[in-house]
Amino acid sequence: MLSNPFLFSLLRLLPASIASWLGGWLSVNVARKSMKLRDRRARANLAILRPDLDTATSEALLTRRWFNLGRTMAELTNIDRLIENNHITVEDVAGYQQVLDGPGPLIALAVHVGNWDLLAAHIKASTDRPGLGVYDPPENPEQAAQLKRARSSYMGEAITGDGAARAILKHLTTKDRATLYILLDERRDRQVWFPRFGRALPPSGNLSVALRLARKVGAKFLPFYMIRTQGPHFRVHWHAPLDPATLTDDQIMDQVDAFLGQACIDHADQWLALHDMDLTT
């Protein structure tokens with residue numbers, strides 16, 4: 001969908017609910033058949049994470065997952081409509097707003113569950129904090145360009161590549177009450193280094209960067225995620241802010257891992273990285 005300008009434009013013309021459904025249908029009936037390796041990998045990983053599921057339940061979950069992936073890609077064309085038309089609810093909205101209205105820089109930590117782009121747009125729309133998002137672009141240059149255009153329209157600033165570290169530090173230190181949005185479950189070498197899922201893994205990748213940044217600029221962490229409840233409707237779940245001034249790195253890692261890691265297991269039918277890692281190794 002990202003590499004097809006005609007389809008991308010068509011999805012924008014359609015009502016948001018229909019565009020979302022069409023994206024899901026194309027993912028299940030077209031994309032899944034052409035991505036058999038990823039489908040097998042997701043099935044193998046799911047068997048490890050959810051050994052309690054029988055075959056029929058697992059297959060139904062994997063089908064829902066492909067549908068969610070397609071919906072998520074299609075919804076890139078309608079992020080503004082989903083934000084403006086009350087498609088999102090928040091758990092304990094008053095407490096959540098109090099956190100966003102608080103002082104000091106904030107680093108929002110999330111994973112690729114539900115619709116992670118909509119989550120970035122949601123936090124931008126929910127606060128007057130200057131926002132910055134960090135992401136890894138697709139290898140396909142056309143997809144990368146389309147994704148950059150889409151994300152720049154609703155994420156505020158969105159950066160990647162060389163110079164990102166300097167830009168992040170400048171953002172957090174020069175802008176009052178700045179917010180940084182980071183996805184922790186980035187994929188490297190066909191593995192996901194967060195969540196740990198019981199593996200003895202030290203902080204690495206985006207989580208390691210976030211820990212160093214927070215201590216350098218005095219930022220608190222806000223772990224949160226967004227799940228799809230039905231169709232193009234979502235709910236935000238969040239964890240009480242974590243303050244590096246009172247917690248060690250290990251304590252922060254344990255709490256973030258427990259909260260977001262459990263979300264990936266509980267909502268495996270909405271977790272992108274399930275097909276990008278190999279837990280069998």
Side-chain angles (χ1 to χ4, degrees), residues 1-50 53-79 82 111-120 135-151 160 183 185-193 226-228 230-232 234 264-265 267-281:
M1 277 176 269
L2 285 175
S3 58
N4 189 323
F6 171 76
L7 181 56
F8 199 86
S9 299
L10 174 63
L11 292 170
R12 176 62 183 178
L13 293 175
L14 294 172
S17 59
I18 296 177
S20 173
W21 178 88
L22 179 58
W25 187 91
L26 289 171
S27 178
V28 170
N29 293 282
V30 179
R32 185 180 190 178
K33 294 177 181 178
S34 65
M35 299 181 180
K36 294 181 179 179
L37 174 61
R38 290 183 173 182
D39 197 39
R40 288 196 300 269
R41 194 181 296 146
R43 185 175 290 102
N45 290 329
L46 181 63
I48 294 172
L49 294 177
R50 295 291 309 274
L53 301 180
D54 58 37
T55 301
T57 304
S58 295
E59 288 303 313
L61 185 151
L62 291 168
T63 298
R64 292 198 305 274
R65 181 178 171 278
W66 280 102
F67 214 102
N68 181 74
L69 290 176
R71 280 186 179 275
T72 299
M73 294 298 102
E75 286 161 357
L76 281 171
T77 63
N78 288 293
I79 292 287
L82 297 178
V111 286
H112 290 82
V113 169
N115 187 325
W116 46 94
D117 280 282
L118 183 59
L119 181 59
Y135 72 99
D136 293 323
E139 294 182 0
N140 184 300
E142 293 182 356
Q143 292 183 2
Q146 183 69 65
L147 188 60
K148 183 177 182 179
R149 285 194 295 271
R151 284 180 167 164
T160 186
L183 292 160
D185 54 341
E186 76 269 31
R187 284 86 69 203
R188 291 176 285 130
D189 301 324
R190 292 188 180 177
Q191 285 295 346
V192 176
W193 297 83
M226 171 183 284
I227 59 168
R228 187 183 303 277
Q230 185 177 5
F234 305 86
C264 293
I265 294 175
H267 305 287
D269 58 336
Q270 299 186 33
W271 187 37
L272 171 67
L274 192 65
H275 68 211
D276 286 318
M277 60 180 172
D278 184 1
L279 289 179
T280 63
T281 60

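Taking the side chain as every heavy atom from C-beta outward, Ser27 and Met73 never approach each other to under 4.5 Å. Counting heavy atoms from C-beta outward, Met35 and Trp66 have side chains that approach closer than 4.5 Å. You'll find the side chain of Leu274 reaches within 4.5 Å of the side chain of Leu49, heavy atoms only. You'll find the side chain of Val111 stays beyond 4.5 Å of the side chain of Trp116, heavy atoms only. Between Ile227 and Phe234, the closest side-chain pair of non-hydrogen atoms is not below 4.5 Å.
The line from CG of Leu279 to CG of Asn45 is 4.5 Å long, rounded to the nearest 0.5 Å. Considering CG of Asp276 and CD of Glu186, their distance stands at 11.5 Å, rounded to 0.5 Å. Ile79 CD1 to Leu118 CG: the interatomic distance, rounded to the nearest 0.5 Å, is 4.5 Å. Annotation: the span from Thr77 atom OG1 to Leu14 atom CG amounts to 8.0 Å, rounded to 0.5 Å.
For Asn78, the side chain to side chain contact (heavy atoms under 4.5 Å, CB included) partners two or more places apart in sequence, or in a different chain, are Arg12, Ala16, Ala19, Arg81. Qualifying side-chain hydrogen bond (donor to acceptor under 3.5 Å, both in side chains) partners for Asp185, counting only residues two or more places apart in sequence or in other chains: His112, Trp271. A search for side chain to side chain contact (heavy atoms under 4.5 Å, CB included) contacts involving Leu13 returns nothing, not counting sequence neighbours. Partners of Arg65 according to the salt bridge (charged side-chain N to carboxylate O under 4.0 Å, His left out) rule, which considers only residues two or more places apart in sequence or in another chain, do not exist here. Ser34 is linked by a side-chain hydrogen bond (donor to acceptor under 3.5 Å, both in side chains) to nothing, counting only residues two or more places apart in sequence or in another chain. Here Trp21 pairs with Trp25, Phe67, Arg71 under the side chain to side chain contact (heavy atoms under 4.5 Å, CB included) rule; sequence neighbours left out. Qualifying side-chain hydrogen bond (donor to acceptor under 3.5 Å, both in side chains) partners for Gln270, counting only residues two or more places apart in sequence or in other chains: none. Here Asn29 pairs with nothing under the side-chain hydrogen bond (donor to acceptor under 3.5 Å, both in side chains) rule; sequence neighbours left out. A search for side chain to side chain contact (heavy atoms under 4.5 Å, CB included) contacts involving Leu53 returns Leu46, Arg50, Thr57, Ser58, Leu61, not counting sequence neighbours. Scored by the salt bridge (charged side-chain N to carboxylate O under 4.0 Å, His left out) test, Arg32 finds Asp39, Glu59 as partners (sequence neighbours excluded).
Formation of a donor-acceptor pair under 3.5 Å by the Arg41 side chain with backbone atoms of His275 is found in this model. For the pair Asn68 (side chain) and Gly114 (backbone), a donor-acceptor distance under 3.5 Å is present.
Closest approach of Ala74 to Gly23, counting heavy atoms only: CB-CA, 3.7 Å. The two residues Arg228 and Thr72 make their nearest non-hydrogen contact at NH2-OG1, 3.3 Å. Taking all atoms of both residues into account, the shortest heavy-atom contact from Arg64 to Asp269 is NE-OD2, 3.2 Å.
Sorted pairs that involve residues 14-31 and meet salt bridge (Lys or Arg N to Asp or Glu O under 4.0 Å), not counting sequence neighbours, are lacking altogether. Among residues at least two apart or in separate chains, there is no salt bridge (Lys or Arg N to Asp or Glu O under 4.0 Å) pair with a member in residues 13-25.
Tested against Asn115 for a side chain to side chain contact (heavy atoms under 4.5 Å, CB included), the candidates Leu119, Asp117, Val113 yield a single pass: Asp117.
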